[in-house]
Amino acid sequence: MTLSQLRQDTRHDWWRGATIYQIYPRSFLDANGDGIGDLPGITSRLEHVASLNVDAIWLSPFFTSPMDDFGYDIADYRDVDPMFGTLDDFRALVDRAHELGLRVIIDQVLSHSSDRHAWFQESRQDRTNPKADWYVWADPRPDGTPPNNWMAAFSGRAWTFDARRRQYYLHNFLPSQPDLNFHHPEVRQAHLDNLRFWLELGVDGFRFDVVNYYFHDPALTDNPPMPRERVQLGNPQSYQFQRHNIEQPENLAYLERIRALLDEYPGATTVGEIAGNDQLPTMAAYTAGDSRLHMAYTFDLLDSTGDATELYGVLARFGELGEDPWPCWALSNHDVVRSATSWGEERALLALTVLCSLRGSLCLYQGEELGLPEAELAYEDLQDPFGINLWPEVKGRDGCRTPMVWDTTANGGFCPEGVAPWLPVDARHLPLAVTRQEADPDSLLARVRELLRLRGASEVLRQGDQQLIAPGELPEDVFGVIRSLGERRLLCLAHLGRGEAPAAIAPDALVSGIQGWHSLALPGMPAPSMEGRGLTLAPGTATWLELR
């Protein structure tokens with residue numbers, strides 16, 4: 001399918017209910033033998049991605065960067081870092097993805113740049129240059145300390161002193177990631193121009209990193225302390241409620257400007273990452289109506305361990321915000337423990353089956369289709385500054401970023417033998433490699449392909465309404481939702497218990513006015529035992545019942 005065909009698709013809301021496959025470029029495939037994944041490597045494996053029956057790919061940053069935070073510190077918003085390839089390589093990737101019917105979403109890190117960016121290099125020279133106010137600068141207090149108590153995500157104060165300007169600059173992350181001043185109109189316009197650059201190259205949308213971090217309180221008010229029960233003792237930033245350094249009201253107006261730009265490119269979409277302390281209401285506000293983000297995600301499900309009551313709680317809180325906000329749900333990504341570990345390796349398919357039953361768009365992280373568990377790394381192997389700074393209380397994000405395994409050779413086919421990959425390949429991943437699973441029709445990979453095919457073919461699951469079933473109406477450890485579109489209804493149930501006791505369920509008691517049902521054939525899931533008007537669901541299994 002060509003770009004023009006994609007753009008002419010009458011379903012400009014293709015993203016609604018779509019499945020997006022996240023690719024972490026450093027770890028997908030190394031095509032040039034330097035131990036680091038690259039764009040040609042991604043292009044060479046897009047057929048694998050397309051075979052999963054997903055709708056789009058999301059590429060984590062590949063832009064010019066000193067890589068202090070592995071691409072989330074951008075030194076040039078309009079070019080490819082040489083370690084990943086060239087702009088021509090990117091164009092080839094987009095063309096191949098479109099040929100395969102895959103849309104391309106790319107990361108955008110707007111809230112902060114690298115300190116190597118030309119903008120910051122100019123801004124820090126003095127207080128009068130043309131970009132002097134493009135970043136957040138503030139005078140020290142009379143005693144020389146930072147202007148307020150704001151803390152950075154990667155430990156320590158969110159302020160670093162610059163001797164040339166004799167001022168502090170704000171960085172919500174690393175000191176080498178200075179925050180841009182979105183109160184400055186030229187900054188806002190510069191980023192809109194950067195977005196247009198990539199849209200003109202054919203991308204189909206953007207994933208916005210920490211989309212609620214763009215604006216800060218210009219009065220630099222101190223953040224209040226976090227209630228003690230919500231503090232993560234190993235993370236200093238968690239000791240305060242981030243009320244004034246992020247999520248300012250001006251953010252909404254800027255999202256509307258972004259949406260107006262995207263609307264010039266029919267079918268282009270946006271998904272925002274919502275971080276912070278009160279994520280679900282922010283997610284709802286940022287996706288409300290048709291003039292802001294198309295969809296967004298929070299860390300609420302990303303932190304899930306597969307407990308039925310907690311899962312219900314997250315979805316119920318989101319449901320209270322109305323039917324308008326559109327979520328993009330995920331169980332794994334490049335920032336959190338892999339779902340095969342957080343849910344349990346034996347429940348990897350169960351986790352994805354539950355995910356596929358939910359209203360919203362979905363995001364699958366590379367290797368999730370293989371059931372890769374979180375990798376175990378020694379401290380000396382760590383690359384992530386988050387883990388290095390806060391070890392051992394916080395192990396960082398390297399465990400979910402290790403290389404994709406394509407075959408069972410020493411480096412998993414990620415890079416040539418004899419080349420050291422940028423992160424070591426976990427030996428436990430090799431038996432789960434793509435080539436090994438391709439040869440097994442009952443592998444997790446085969447089952448995930450079929451599961452995503454079923455999800456993609458079901459308008460009820462992609463577009464339908466959702467009614468949660470309260471835990472009190474279900475047996476212990478059972479999670480359930482009713483999906484409906486017109487007269488069509490699906491009852492989706494999953495037994496998330498870890499014991500051996502099966503659950504007896506009466507669909508008539510959960511859904512009124514049904515005449516009968518039949519169980520859809522779910523890959524890797526045994527059909528539930530039926531007896532009369534009831535069924536029995538074994539632990540670790542799920543069923544989708546088509547109601548009539």
Side-chain angles (χ1 to χ4, degrees), residues 304-313 315-316 331 339-340 342-359 369 371 440-458 460-461 464-485 487-548:
S304 167
T305 59
D307 178 86
T309 302
E310 291 180 0
L311 185 60
Y312 170 84
L315 297 170
L331 300 176
S339 61
S342 58
W343 279 61
E345 293 179 41
E346 74 287 352
R347 304 202 306 168
L349 180 62
L350 178 66
L352 292 178
T353 303
V354 171
L355 184 68
C356 285
S357 72
L358 302 181
R359 177 181 182 269
E369 74 273 26
D440 180 4
D442 293 323
S443 67
L444 178 65
L445 174 59
R447 289 168 172 171
V448 170
R449 281 186 178 131
E450 176 62 13
L451 177 65
L452 294 178
R453 187 195 67 78
L454 290 174
R455 158 85 183 195
S458 172
V460 176
L461 291 174
D465 295 331
Q466 176 171 285
Q467 177 187 342
L468 292 171
I469 303 174
E473 301 178 47
L474 292 163
E476 185 177 6
D477 295 325
V478 174
F479 172 78
V481 295
I482 302 166
R483 302 298 311 279
S484 60
L485 185 65
E487 298 298 316
R488 291 173 289 172
R489 291 181 293 178
L490 276 178
L491 173 59
C492 303
L493 301 166
H495 193 330
L496 304 182
R498 298 174 184 269
E500 299 181 359
I505 302 170
D508 288 310
L510 302 175
V511 187
S512 61
I514 60 175
Q515 298 177 348
W517 61 83
H518 76 272
S519 176
L520 300 181
L522 287 179
M525 296 293 169
S529 300
M530 302 284 191
E531 185 173 344
R533 299 285 290 181
L535 60 88
T536 301
L537 197 61
T541 67
T543 187
W544 293 348
L545 303 178
E546 196 167 55
L547 307 177
R548 60 180 188 275

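Scope of the values below: all heavy atoms of this structure, side chains included, with no hydrogens, waters or symmetry mates.
Two residues are said to be in side-chain contact when any heavy atoms from C-beta on lie closer than 4.5 Å; L522 and T541 fail this criterion. Counting heavy atoms from C-beta outward, I514 and R489 have side chains that approach closer than 4.5 Å. The shortest distance between side-chain heavy atoms of P507 and L535 falls below 4.5 Å. No side-chain heavy atom of S458 sits less than 4.5 Å from a side-chain heavy atom of R483. The shortest side-chain heavy-atom distance between D442 and R447 falls under the 4.5 Å cut-off. Looking only at side-chain heavy atoms (C-beta outward), M525 and L350 come within less than 4.5 Å of each other.
L491 pairs in a side-chain contact (heavy atoms from CB on, under 4.5 Å) with only one of the listed residues (I469, T543, I505), which is I469.
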**Prompt:** T305 and E310: side-chain contact (heavy atoms from CB on, under 4.5 Å), yes or no, with the steps?
**Reply:** CA-CA 9 Å; T305 59; E310 291 180 0; 4.1 Å; yes
**Prompt:** Could you go step by step and tell me if L352 and L444 meet the side-chain contact (heavy atoms from CB on, under 4.5 Å) rule?
**Reply:** CA-CA 11 Å; L352 292 178; L444 178 65; 5.6 Å; no
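The backbone N or O of L496 lies less than 3.5 Å from a partner atom in the side chain of R347, making a donor-acceptor pair. Using modelled atom types, no side-chain atom of R359 and backbone atom of L461 make a donor-acceptor pair closer than 3.5 Å. H518 places no side-chain N or O within 3.5 Å of a backbone atom of R548 that could act as its donor or acceptor partner. In this structure, T353 contributes its side chain and L349 its backbone to a donor-acceptor pair below 3.5 Å. A donor-acceptor contact shorter than 3.5 Å links the side chain of S357 to the backbone of V354.
Remark: E346 CD is packed, more than 12 non-hydrogen atoms of other residues, nucleotides or ligands lying under 6.0 Å away.
In summary, R453 and E450 engage in a salt bridge, as defined by a charged side-chain N under 4.0 Å from a carboxylate O.
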